[in-house]
Every structure is written in C-alpha cells, then in structure tokens.
Amino acid sequence: MCLVVASHMATTTQYSLQTIGTQHCCQCTCRWATTVSAACRTSGEMGTLLAAATVLPGQHMILKACRLCMVLLPYSSVQQHYAMYWCPVASSTTEYIPTPPQEQLFTAHFVLLCTPVALLQAHYRDYDQMTFSRAVFVIHNMAHQGRGPFVETNVLELPDHYREIFRLYDPIGGEHMNIMKAGLQFSHRIVAVSDGYAWECQTQEGGWGLDAVVRENNWKLRGIVNGIDYKEWSPVNDPHLTSDGYTQYDLETLEKGKRQCKMALQKELGLPVNPDIPMFGFIGRLDYQKGVDLIRDSHGWLMSQGCQLVMLGSGREDLENELRSMEASHKDQTRSWVGFSVKMAHRITAGVDMLLMPSRFEPCGLNQLYAMAYGTIPIVHAVGGLRDTVTPYNPFENTGTGWTFERADGEQLRGAVWNAVDTYRNYKDSFRKLQMRAMSQDLSWDHAAQLYEEVLVAAKYQW
C-alpha cells in the first residue's frame, strides 16, 4: 500500500478534472493521478476533491471516498485544498479500501500538510487505528508557517486540547492559528534541510516566533542537506548547452568549455565578448530574503572593478525595477532578465565565473550546488545551507570551494567579491583548482537518501 499526498491552490474560477500530479506507486505496479473538480463561485465556497487511478493499462476508475479521505479533508477560504488518498495494489476491480492499513509513514514537505499529521493522532491513533503509523515533517522555510484566524480550527473537528496546539501568540502576528506549530508538535521526527538551518530554527532570529517550540522538540530534529539531480544539472549532458555557441564540458575540458560558454553567453546577451572579464551571475527570487538589495547597493562598485553582471529573477516590483535600472546605467556591463527562463538559468550557471548568493537566510539553497557542479564559484552569505555546502577558500592551504562572508551587508559582500576578483585575475592557477574542487564533489542525493532512511527508521521505532 502507498500513501499519496497532493495539493492544489484554492481558486475562484471553475475547473473540472484537472490532473495535478502523476507518480508511480513505490510498492505496486499501478499508476495514480490525483485530480480535482471544483466550482468555486465565491472565495469561501468549497470545491469537491476526487481521486482517480488507472489500475491497469486502459482501465480507469474513480475511487470512492473512504473514511480516511473524508476525515483528512478539512479546508477553508484561507487554506489551500489538500487531500490524502490510498493507492490500491493493481487490480482489475473497482473496489476501494474501506479502512486504512495500520502501518504507514507520512512525510509532510508542505506546511499545510501538517494538519493531516495532527489528524492522524486525533482521529486515528487515539482510537487504536493506524497505531503503528508515523509522521515526519520536513522544514523547508520557517517563514512560511500556514497562519490564519484561530477560528479556522473549527473545521478540523478536533477536541479543544488539540485545537490549543494550533494556537500561537507572537507580538507581531498576535493570536492566530499556526499549522507549522502543530506539525512540529505532532510529528514523530523533524528534518530541516541543512544542519545549519536546524540550528538557526532554534534561534529567535531564525525561528520566526516558533524557536521555543523547535527547541522543545529538538530531540527529534535533524538537519539533512538537499542533493541535486545530475540528470538535470550537469555540464556533461546539459541539453541547453548544445546550441548557440555553448558546449557541454566535464572536469577534463573545464577550462575550454567554461571559456566557450562564457563567450556564448556574452554574445547572446549583447555584452562585449571578452573571456578574460570577471563575470558574475545571480539567479533567484527578487525579495528581501535573497539579499538582492545588497547587490543593488554594490552595483556601482562592482562595475568600477571592470566586471560583468548577469541577473535573472522575478519578484517584488521595486526590485524588478532596480534590475532594469542597473542595466540601464551600465549597458556594456550588466544584463537583467526580469522573469524566469530554465534555459537561461542553465546557461548563466555554465557561463559566469562566479555566482552571487547574499541571502539573509537560506534553509538549504540549490543554486550554489548547481553552480559548483558546473565549476562556477559561489560567493555566499554564510547562513543555513550555504554555510554547510560552501567551504571558504583558504589561499594558504589552497582549499575550499567558494567565498563566504559573515554579515549580510554591502561592505562584507564587496570584500568577498574583491577577494574573488583578485584571485581570478592574479592567481589563475589557484582559481582553476578551486573550480576543479567544486566540480569534483559528490552533490547527488545518494548521501542525503541514506540520512533520510535513518530518520524514517527512527520514526518507525518511536512510540
């Protein structure tokens, strides 16, 4: 048996039977697809969720809602719709499962799925059902907690002492329903997406009002850094590097390949083509968290150093306008792509020499991992997963995989950039070895998967 978790954003428009997820069951040969059908005429009106499954090729059926589906289906105008469905072993019948198995493992990667984690205890385990089922909550970002009016807990059909676990008061948000708080309390194990972030979640600055709750439950907390999919992010087989002058490369062809990709990027973006100019990149969401304003404040200085800068991202309107202004003020050195392009993200990662990531907080971060896989050196604010994954460059021992700075301000960023530019221009052999060390790392999911397995086993044997 396999548990399927799906989510879909509430909407005020009509839609019907729209497929929102397709996956292979991990324990049987059937294939499932979660579909949602709703006609929401007002924001407060509820839709209808259905589960559809293809049990054998060419055979389609609609699963009737069992008790689990009905109980684990609370939602309201302030939440996203979500549901849990059981995937039956491949069968030619249209029977559905009337009662859930007693041993299942729930993993919640999405904060609103912490509510079913609470319902697992309140509606099942407390009544000697699903006694051996366990739940693991993965913290991806403490800032996104699923807050709402406390009255919304009424739809969950919970006893008062369980509803109180959803209640949180903080000086900024006041009294409210906090779904993440319940997930932290009810989960049998908690995973943060890096060791550094696991620590930061327990501080007042990083806990976003839940630091005391995380500290109370730190005995079941563990940090595990994400990995990357080399099938998608590898300069050896990147399909976006096969045209327009770009080229695929590996460790042995690093110098020639990076040089060609850099020149192709400069040409594509209309910048002066010169492979010897230090070229910086930024890829990410334009908001306070990502520290884009630090790049803005340092832009004039960076241009005075004779560098080129390529930025790709979207987000806050004021920061989008700042990107346009930076390009307008230095058209021969800066290109700003407001929006997002997967192809351009790959090409920037391959073409630039260094990637800027001055995030004020970063639970894990993936762009620095992608960059190192491509021999592009990250310059990062040493927080969360950035601290865990980027080893500071030591010119005396010739070690490290990038540059870090300790405080999120323009002066610190400029200091790290100056060191990087100096190494790039005057110590080319050291810079090349830095690139090779970055590329030589195993950044795959293999190690992370082993650690996740340890967490899941620990959850299984926790009563």
Side-chain angles (χ1 to χ4, degrees), residues 21-24 26 107 109 138 140 191-197 223-262 264-265 281-284 310 312 340-357 359 362-380 384-391 399-402 431-456:
T22 301
Q23 192 65 264
H24 283 289
C26 59
T107 302
H109 285 269
V138 183
H140 288 273
V191 175
V193 289
S194 69
D195 284 320
Y197 198 58
I224 301 177
V225 174
N226 291 331
I228 65 175
D229 184 356
Y230 278 109
K231 294 181 180 179
E232 183 178 357
W233 286 94
S234 171
V236 178
N237 53 26
D238 193 327
H240 303 293
L241 304 181
T242 58
S243 60
D244 301 326
Y246 294 86
T247 185
Q248 297 173 339
Y249 58 92
D250 57 18
L251 199 58
E252 294 182 357
T253 60
L254 167 64
E255 184 173 0
K256 180 180 178 182
K258 284 286 290 184
R259 183 183 183 90
Q260 184 173 334
C261 287
K262 181 177 183 178
L265 181 64
F282 170 86
I283 304 170
V310 180
L312 171 67
F340 193 75
S341 164
V342 173
K343 178 175 73 173
M344 188 52 60
H346 281 251
R347 289 182 170 183
I348 292 174
T349 303
V352 300
D353 301 301
M354 290 152 281
L355 185 76
L356 301 176
M357 292 191 67
S359 303
E362 193 64 68
C364 179
L366 290 174
N367 285 336
Q368 83 279 10
L369 302 179
Y370 301 150
M372 290 188 288
Y374 282 66
T376 298
I377 305 306
I379 301 176
V380 306
L386 300 180
R387 182 191 296 272
D388 290 352
T389 56
V390 180
T391 306
T399 58
T401 56
F431 191 85
R432 187 67 63 209
K433 290 180 179 178
L434 187 61
Q435 291 178 302
M436 296 177 70
R437 284 195 299 274
M439 283 188 72
S440 299
Q441 300 177 97
D442 180 7
L443 303 173
S444 70
W445 273 101
D446 292 345
H447 179 60
Q450 295 177 4
L451 299 181
Y452 266 99
E453 184 176 1
E454 292 176 7
V455 171
L456 299 180

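If you're wondering where the values come from, they're calculated on a predicted model, not measured in any experiment. Heavy atoms only: backbone and side chains are in, while hydrogens, waters and symmetry mates are out.
Judged purely by atom type and a 3.5 angstrom limit, W445 uses its side chain to pair as donor or acceptor with the backbone of G227. A donor-acceptor pair is defined here as one N or O able to donate and one able to accept, closer than 3.5 Å; such a pair exists between the side chain of Q368 and the backbone of C364. S194 places no side-chain N or O within donor-acceptor distance of the main-chain N or O of V225, the cut-off being under 3.5 Å. Between the side chain of S440 and the backbone N or O of M436, at least one donor-acceptor pair lies under 3.5 Å. Listed for the D250 side chain is no donor-acceptor partner under 3.5 Å among the backbone atoms of V236. Distance alone, capped at 3.5 Å, places no donor-acceptor pair between the E362 side chain and the L386 backbone. Counting only distance, with no hydrogens or angles, the side chain of Q260 and the backbone of G245 share a donor-acceptor pair below 3.5 Å. Side chain of Y249 to main chain of R259: no donor-acceptor pair is present (N/O by atom type, distance under 3.5 Å, no hydrogens or angles). Side chain of Y370 to main chain of I228: no donor-acceptor pair is present (N/O by atom type, distance under 3.5 Å, no hydrogens or angles). R437 places a side-chain N or O within donor-acceptor distance of the main-chain N or O of G400, the cut-off being under 3.5 Å.
Counting heavy atoms from C-beta outward, T247 and C261 have side chains that approach closer than 4.5 Å. Side chains of M357 and I379 form no contact here, defined as non-hydrogen atoms less than 4.5 Å apart. In this structure, the side chains of L265 and I348 come closer than 4.5 Å at one or more pairs of heavy atoms.
Atoms OG1 and CG, from T349 and L369 in turn, are 11.5 Å apart once rounded to the nearest 0.5 Å.
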Step by step, would you call Q441 with M372 a side chain to side chain contact (heavy atoms under 4.5 Å, CB included)?
CA-CA 8 Å; Q441 300 177 97; M372 290 188 288; 3.4 Å; yes

I would like to know whether D238 and Y374 meet side chain to side chain donor-acceptor pair (under 3.5 Å); could you show each step before the answer?
CA-CA 10 Å; D238 193 327; Y374 282 66; 2.5 Å; yes

Taking it one step at a time, do V352 and M354 satisfy side chain to side chain contact (heavy atoms under 4.5 Å, CB included)?
CA-CA 6 Å; V352 300; M354 290 152 281; over 6 Å; no

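Between D195 and R387 no salt bridge is recorded (no basic side-chain N to carboxylate O distance below 4.0 Å).
Taking the six-membered ring where the residue is Trp, H346 and H240 present tilted rings, their angle falling between 30° and 60°.
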